[in-house]
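I have placed the structure first, in the form of structure tokens, so that the comments after it can refer back to it.
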Amino acid sequence: MDKTLSEMNFTDIYDKYLGKIYRFVFLKVDSREIAQDLASETFTRTFEYFKRNADKKIDNIQAFLFRTASNIVTDYYRQKSRTNVPLEFVTKTIADRAASAYERPDLSLMRGEQMSLIQSALHKMDSRHADVVVWHFIEDLSVTEIAEITGRPEGTIRVMLHRGLKELRNILSSHPS
Amino acid sequence: MNEQELIKQLKTLKNISPDKEWVNFTRSQFIPGKAAGTRSIFDIFMFAVPRPAAVIVMVGVVVVAGAMNMQSAGVLEFEVGTSPALTASLKHVSGETAEEVAEIQEIVARKLVTQYANTANEGSVNTVVFNKDAEERENFQALLKERIETKIARFNDLFAQLESGESVLEILANPRRYEQNFKVIAGELGSQIKDLLEQAEQALAEGDLITALDLVNAIEKLIEG
């Protein structure tokens, strides 16, 4: 990117990447409300960085956002281990949300359950493998882009993708259903 | 399940998307040059937000009103005590509310240990650790409750005066800026402020003192402008 941070329109960045960041965070935490909080925090921190470093340039905004989101989720789990989770937060599984969105309850329940199983399996995986699987297969990021986010060589990313899929299949195949 | 089927199932997770109202609300923070304005406040209050999100909406409102920096909104954290009102929970409250709670605790007992983990640009985390003395905890609750009740009573009095039919000229002639502001703003946002006041009263009745304090502080910030 040739523009400095002060020249970039942050709302354009928000519009372009919010969906990806939200999805990434949602698949790592256990409630929609918490995902909203953490995704919002990701953009707030990035916005603050922009304000403090207006003359700088960022080569890869996407990588910056994903790294920030990843750090924020890590901080969340670290804090969560020290505090009680608020009871008033409603935790909705993907199954619940999917079931309410579709017209055919029987079909929606099946789809919702499948999605819920996959989310659950992603949680059980090595988080580094889960991240690369999500980035590549759900967010359609290339190996090069993922390498930029993680700072790892492309060859390593390919290996992690292969291992991640294998791990996911093993977890899903061991599920009773 | 083979790899192709697994990848196909993974791609169904692309359907996960955030709530549109939340997207628009969050986006409004980043619109350049968006000054405090009645229209923005109305936009926010148009959302039908569930009660757990009410505090987050309030912080958003005072950001638009230009009274508070949302980045200073802190996470208030209490150790689990025997008091249900102060059960440890993660709440997003304004920096002002966090400071006011800290002030109340200092009034109550010199022995209380307060730890501030104040990281630049990450908000502040205030931890109130009560000594085993139950009386300190009771005093803290009582003072907090008194503070909230005083503020709620004041708003209710001002509403009563407004409803008694004082003319605009009389209002503007009132030298006390706070009351003057209240009446002007209540005229525009009366139903919304009343909703917030009701929520504050409900939170107080349920013993959720931090939420109640945060709500009344947000109303104050709206009035002070």
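Here is the naming used below: chain letters follow the sequence lines, and residue numbers restart at 1 for every chain. Note that the structure is predicted; figures quoted are calculated from it, not measured.
Annotation for A:R67: atom CZ counts as buried by contact number, over 12 foreign heavy atoms lying within 6.0 Å. Few gaps surround NZ on B:K11; more than 12 heavy atoms of other groups in view lie less than 6.0 Å from it. The number of heavy atoms from other shown groups lying within 6.0 Å of NZ (A:K166) does not exceed 12.
Residue contact with chain A, scored on non-hydrogen atoms closer than 4.5 Å, involves the backbone and the side chain of B:L10 alike. Using a 4.5 Å cut-off between heavy atoms, A:L122 contacts chain B through its side chain alone, with no backbone atom that close.
Shortest non-hydrogen contact noted between B:I16 and A:R23 is O-NH1, 3.0 Å. The two residues B:W22 and A:A39 have their closest heavy-atom pair at CH2-CB, 3.9 Å. In this structure, B:L6 and A:L165 approach most closely via the heavy-atom pair CD2-O, 3.6 Å.
Of residues 134-143 of chain A, those residues lying under 4.5 Å from chain B by any heavy-atom pair are A:F137, A:I138, A:D140.
Applying the salt bridge (charged side-chain N to carboxylate O under 4.0 Å, His left out) test to B:E198 and every residue at least two apart in sequence or in another chain returns nothing.
Residue B:L13 holds its CG atom at 14.0 Å from CZ of A:F24, rounded to the nearest 0.5 Å. Between the CG atom in A:L172 and the CD atom in B:E5 there is a gap of 11.5 Å [rounded to 0.5 Å].
Formation of a donor-acceptor pair under 3.5 Å by the A:Y14 side chain with backbone atoms of B:V23 is found in this model.
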Are B:D19 and A:R32 close enough, and set up right, to give a side-chain contact (heavy atoms from CB on, under 4.5 Å), and what steps lead you there?
-> CA-CA 9 Å; B:D19 179 75; A:R32 186 173 65 154; 4.3 Å; yes

